[in-house]
Amino acid sequence: MSPISDGEPGGCPMSGMTDAVAYLLDVAAETGLTAHDLDELVCDAKSAEAAAVNNDGMHAQLTYLAAGGDAGVIAAQLRNLAREAGR
């Protein structure tokens, strides 16, 4: 048993993101998973995040985009979208 986990099946004994990541690294090591094995899980998580942002409307969408990029570049992309839609 690792010093990171307390051996409780199915539960995360730790609190906080750093502890949770350490716990999950322990589980991945115990099961022999690689980063490649997690690809689909990560894609599914991001897809669910994108769906939630899209369902929350334009303000949430633009907030999400602005958090991850340059406002000038995003503005150009918005203008391109409008132009392609004939607006």
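If you read the sequence from its start, that first residue is 1, and numbering goes on from there.
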Report all side-chain donor-acceptor pairs from residues 66-78 shorter than 3.5 Å, counting only partners two or more places apart or in another chain.
| residue | atom | partner | partner atom | Å |
| --- | --- | --- | --- | --- |
| Asp70 | OD1 | Gly72 | N | 2.8 |
| Asp70 | OD1 | Val73 | N | 2.9 |

Acceptor/donor pairs from residues 32-39 side chains to any protein atom, 3.5 angstrom cut, sequence neighbours excluded:
| residue | atom | partner | partner atom | Å |
| --- | --- | --- | --- | --- |
| Thr34 | OG1 | His36 | N | 3.4 |
| Thr34 | OG1 | Asp37 | N | 3.3 |
| Thr34 | OG1 | Asp37 | OD2 | 3.1 |
| His36 | ND1 | Asp39 | OD2 | 3.2 |
| Asp37 | OD2 | Thr34 | N | 2.7 |

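Of the possible donor and acceptor atoms, one in the side chain of Thr31 sits under 3.5 Å from a partner among the backbone N and O of Val27.
Listed by first then second residue, pairs satisfying salt bridge (Lys or Arg N to Asp or Glu O under 4.0 Å) with a partner in residues 47-63 read Lys46-Glu49, not counting sequence neighbours.
For the pair Gln61 and Val53, the tightest heavy-atom approach, listed with the atom from each and the gap, is CA-CG1, 3.6 Å.
When the options Leu25, Asp19, Leu24 are evaluated for a side-chain contact (heavy atoms from CB on, under 4.5 Å) with Val21, the one that passes is Leu25.
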